[in-house]
**Q** 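Pasting a structure here, questions to come.
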Amino acid sequence: QVQLVESGGGLVQAGGSLRLSCAASGRTFSSSVMGWFRQAPGKERDFVAAITWSGGSQVYADAVKGRFTISRDKSKNMVFLQMTSLKPEDTAVYYCAVGWGRRVGNTVSEYDYWGQGTQVTVSS
């Protein structure tokens, strides 16, 4: 059974930084794609960033390019999202997800397993 556990969320002032972590277990992830999505109250779940487990190819949403960085530690089965220059509009629950599709996907349907989410709140 695949499990994804996020951590690292919290309250931060605008302009600050946070680093989210996602611990993955339960399956071999060597051919997977790991993604981060976020969902604000009353809104749909939006793509943030994704990375291939083996090759390290990365894709970012336009809203976070240049501010967020996705990375992974294969030895520890972990994925990270370093967030800098945070804005109030970044406030959301952030979810880690994993899929085994053919591309580095940016849609919810391309991911098979999800974590429970971690809250990020950016105050102005």
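Treat the numbers as computed from the prediction; the structure is a model and nothing was measured.
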**Q** Same hydrophobic cluster for Ile51 and Tyr113, using side-chain heavy-atom links shorter than 4.5 Å among ILVMFWY?
**A**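 Linked, Ile51 and Tyr113 end up in one cluster.
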
**Q** In a check of side-chain contact (heavy atoms from CB on, under 4.5 Å) between Val98 and each of Val33, Val2, Val79, which one passes?
**A**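 For Val98, the side-chain contact (heavy atoms from CB on, under 4.5 Å) test succeeds with only one of Val33, Val2, Val79, which is Val2.
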
**Q** Quick one: does any side-chain atom of Thr121 pair with a main-chain N or O of Leu11 as donor and acceptor, under 3.5 Å?
**A**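 No; zero donor-acceptor contacts below 3.5 Å.
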
**Q** Does the structure place the NZ or CZ of Arg19 under 6.0 Å from the centre of the six-membered ring of Phe80, at an angle of no more than 45° from the ring's axis?
**A**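 Yes - Arg19 lies over the ring of Phe80, closer than 6.0 Å to its centre and within 45° of its axis.
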
**Q** Taking the six-membered ring for Trp, are Phe68 and Trp36 ring centroids under 6.0 Å apart?
**A**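 No, the ring of Phe68 stays outside the 6.0 Å limit from the ring of Trp36, centre to centre.
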
**Q** Would Tyr95 end up clustered with Trp100 when hydrophobic side chains under 4.5 Å apart are linked, directly or stepwise?
**A**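 No, separate clusters.
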
**Q** With a 4.0 Å cut-off, would you call Lys65 and Asp62 a salt bridge?
**A**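 Salt bridge between Lys65 and Asp62, a charged N being under 4.0 Å from a carboxylate O: yes.
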
**Q** With side chains defined as the heavy atoms from C-beta onward, is the minimum distance between Ser124 and Pro88 less than 4.5 Å?
**A**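 A side-chain contact under 4.5 Å exists here.
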
**Q** Could you tell me the separation between the OG atom of Ser71 and the CE atom of Met78, rounded to the nearest 0.5 Å?
**A**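 Rounded to the nearest 0.5 Å, the OG-CE separation comes to 10.0 Å.
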
**Q** Please determine whether the number of non-hydrogen atoms from other residues, nucleotides or ligands lying under 6.0 Å from atom CD of Gln58 exceeds 12.
**A**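 Buried by this count: over 12 neighbours within 6.0 Å.
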
**Q** Can you tell me how far CD of Glu6 sits from SG of Cys22, rounded to the nearest 0.5 angstrom?
**A**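 Cys22 atom SG to Glu6 atom CD measures 5.5 Å (nearest 0.5 Å).
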
**Q** For side chain to side chain contact (heavy atoms under 4.5 Å, CB included), just list the numbers for Ser30 and Ser54, CA-CA rounded to whole Å, side-chain angles, deciding distance to a tenth of an Å, and then say yes or no.
**A** CA-CA 6 Å; Ser30 57; Ser54 57; 5.7 Å; no

**Q** How many angstroms lie between CZ in Phe37 and CG in Leu81, if you round to the nearest 0.5 Å?
**A**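 Phe37 atom CZ to Leu81 atom CG measures 12.0 Å (nearest 0.5 Å).
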
**Q** Check whether Thr52 reaches the backbone of Ser57 with its side chain - one donor and one acceptor, N or O, closer than 3.5 Å.
**A**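 Yes, the answer is positive, given that a donor and an acceptor are paired below the 3.5 Å cut-off.
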
**Q** Could you check whether any side-chain heavy atom of Gln1 comes within less than 4.5 Å of a side-chain heavy atom of Arg27, counting everything from C-beta outward?
**A**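 SC-SC contact between Gln1 and Arg27 ruled out.
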
**Q** Could you give the distance from CZ (Arg67) to OG (Ser17), rounded to the nearest 0.5 Å?
**A**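 Answer for the CZ-OG pair, Arg67 versus Ser17, is 10.5 Å.
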
**Q** Give, for atom CG of Asn77 and atom CZ of Arg72, the distance between the pair rounded to the nearest 0.5 Å.
**A**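 That separation rounds to 11.5 Å.
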
**Q** Mind listing the closest non-hydrogen atom pair of Gly8 and Leu18 along with its distance?
**A**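 Closest approach of Gly8 to Leu18: O-CD2, 3.8 Å.
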
**Q** Quick one: are Cys96 and Trp114 in side-chain contact, heavy atoms under 4.5 Å?
**A**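 Answer no - side chains too far apart.
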
**Q** For the backbone of Gly105 and the side chain of Tyr111, can you confirm whether one donor and one acceptor N or O come within less than 3.5 Å of each other?
**A**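 Answer holds: yes.
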
**Q** How long is the gap from CG on Asp112 to CG on Leu4, to the nearest 0.5 Å?
**A**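 The CG atom of Asp112 sits 10.5 Å away from the CG atom of Leu4.
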
**Q** Under 3.5 Å, which donor-acceptor pairs do the side chains of residues 39-49 form with other protein atoms, sequence neighbours left out?
**A**
{"residue": "Gln39", "atom": "OE1", "partner": "Arg45", "partner atom": "NE", "Å": "3.2"}
{"residue": "Gln39", "atom": "OE1", "partner": "Arg45", "partner atom": "NH2", "Å": "3.3"}
{"residue": "Gln39", "atom": "NE2", "partner": "Lys43", "partner atom": "O", "Å": "3.1"}

**Q** State which residue, out of Thr91, Val120, Asp90, Leu20, fulfils the side-chain contact (heavy atoms from CB on, under 4.5 Å) condition with Arg38.
**A**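 Considering Thr91, Val120, Asp90, Leu20, a side-chain contact (heavy atoms from CB on, under 4.5 Å) with Arg38 is found only for Asp90.
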
**Q** Counting only N and O atoms by type, is there a donor-acceptor contact under 3.5 Å from the side chain of Gln116 to the main-chain atoms of Val5?
**A**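 No: the side chain of Gln116 does not pair with the backbone of Val5.
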
**Q** Report the relative orientation of the aromatic rings in Phe29 and Trp53; use parallel for angles under 30°, tilted for 30 to 60°, perpendicular for over 60°.
**A**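 Answer is tilted, since the angle falls between 30° and 60°.
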
**Q** State, with a plain yes or no, whether a side-chain heavy atom of Tyr94 is found less than 4.5 Å away from one of Met83.
**A**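 Yes, at least one pair of side-chain atoms sits under 4.5 Å.
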
